[in-house]
Amino acid sequence: MDLAVIDGEYSDLRDEDLRSDVSDEEEEPSLQYRIDHRPSNALLTLYLSPGYHLKARPGSLVAMDASIQLHGELYHGFTRLVSGEDISELTFVGPGEVLLAPESWGDITPIELKESTVFCMTGQAFLACSGLITRKPLSQGFPKNLLDHSGQPAEQLTGSGIVFMQAAGAVVERHLAYGEQWVVEAGHLLAWSASYTAERARTGCRHYGPAAEDAWVCRFTGPGVVYIQTRVPENVQNSTKNASVVSGGPKSNQRDT
């Protein structure tokens, strides 16, 4: 499958096994997408052919054609978010166009998954994926408070298809050779396929506050790939709130009579 992404141009993705009832004569369900306004205000536009299934993050929908079938909750269910027993998601079924966007300022990056690859991702990083990809909470080997700043558990993705990640700031991709190690502060972590250990370390990271002596980091060991974001989501959100407070909040359009 060809997943080359050029801003403003569509890339094609065909999911050959999505529907078992598709005959040889029928057109196979496929996906076209483009990513605009990168890297700080990214918008993902997808065109789903008839029968194509797309999973997406609740709260990510910007707009869609009336021909699209939508299943699931538009926003995160409170019970699921707190319990962590399930992963909420929307399902879109084509034909038609769907527009998705991150929750805050930042970029969108596509990743191709193959059947032989087990990929892990932070709870905040997931934006959308092909219908054949399976998502489940990552419960082993991760301290609960390591990545769970938003209450969303880290997750494991398996299957064949494409995954779209959302990030605060820009996305950095690092390929690790066999035995090569790389240490990443937890707030900047997005996704990874390399093996890892979670550790406490003195980092001086701003988003933990000046009183924090240490913070969680992940030590990755190759082979594998690690994706990080150049900003911490909590910092971006706090900056937006502080700016609103300083400016006195939203202006009213009403005038005294």
Side-chain angles (χ1 to χ4, degrees), residues 39 57 76 78-88 102-109 111 113 117-127 134-158 163-242:
R57 180 187 195 88
H76 283 291
F78 180 77
T79 302
R80 291 181 178 182
L81 193 63
V82 172
S83 67
E85 295 178 354
D86 196 2
I87 294 180
S88 300
E103 296 176 340
S104 185
W105 295 318
D107 201 2
I108 298 173
T109 297
I111 302 176
L113 262 62
T117 303
V118 176
F119 215 80
C120 299
M121 183 176 292
T122 65
Q124 290 183 327
F126 175 79
L127 180 64
T134 300
R135 303 167 58 211
K136 66 178 182 180
L138 180 62
S139 56
Q140 295 183 349
F142 247 88
K144 279 193 94 167
N145 59 342
L146 175 57
L147 300 171
D148 227 356
H149 305 298
S150 65
Q152 303 168 45
E155 57 189 72
Q156 185 180 84
L157 294 87
T158 56
V163 177
F164 296 96
M165 290 191 309
Q166 64 176 10
V171 177
V172 177
E173 178 182 357
R174 177 72 176 264
H175 289 267
L176 302 180
Y178 182 82
E180 181 182 3
Q181 291 192 338
W182 202 37
V183 180
V184 178
E185 196 279 324
H188 290 274
L189 187 58
L190 281 176
W192 63 96
S193 63
S195 60
Y196 63 89
T197 57
E199 305 173 0
R200 281 281 195 178
R202 295 180 179 272
T203 64
C205 293
R206 295 184 301 274
H207 68 280
Y208 282 96
E213 295 184 354
D214 54 10
W216 284 107
V217 299
C218 274
R219 183 182 299 273
F220 294 95
T221 303
V225 61
V226 181
Y227 292 87
I228 64 172
Q229 54 193 348
T230 58
R231 299 292 182 269
V232 177
E234 287 70 30
N235 283 352
V236 175
Q237 295 168 5
N238 290 337
S239 297
T240 303
K241 292 178 182 178
N242 292 338

- Once you round to the nearest 0.5 Å, how far does CG of L113 lie from CD1 of I111? 7.0 Å
- Query: Sequence neighbours excluded, which residues qualify as side chain to side chain contact (heavy atoms under 4.5 Å, CB included) partners of T134?
  - Reply: T158
- Message: For L176 and V225: C-alpha separation, side-chain torsions, deciding distance, then whether side-chain contact (heavy atoms from CB on, under 4.5 Å) applies.
- Response: CA-CA 6 Å; L176 302 180; V225 61; over 6 Å; no
- Task: Measure from NZ or CZ of R219 to the centre of the six-membered ring of W182 and say whether it is under 6.0 Å with the direction within 45° of the ring axis.
- Result: no
I want to check something: taking the side chain as every heavy atom from C-beta on, are [X] and [Y] in contact at a cut-off of under 4.5 Å?
X: R57; Y: E103; result: yes
X: V184; Y: Y196; result: no
X: V171; Y: L190; result: yes

- Given side-chain contact (heavy atoms from CB on, under 4.5 Å), test T122 with Y227 step by step and report yes or no. CA-CA 10 Å; T122 65; Y227 292 87; over 6 Å; no
Short side-chain to backbone donor-acceptor contact, [X] and [Y], under 3.5 Å:
X: H188; Y: Q229; answer: yes
X: Q166; Y: Q124; answer: yes
X: S193; Y: G224; answer: no
X: S195; Y: T221; answer: yes

- Partner of F220 under side chain to side chain contact (heavy atoms under 4.5 Å, CB included), chosen from L189, V183, T197: L189
How far apart are the closest heavy atoms of [X] and [Y], and which atoms are they?
X: V226; Y: A194; value: CG2-CB, 4.5 Å
X: A191; Y: F119; value: CB-CE2, 3.2 Å
X: M165; Y: L127; value: C-CB, 4.3 Å

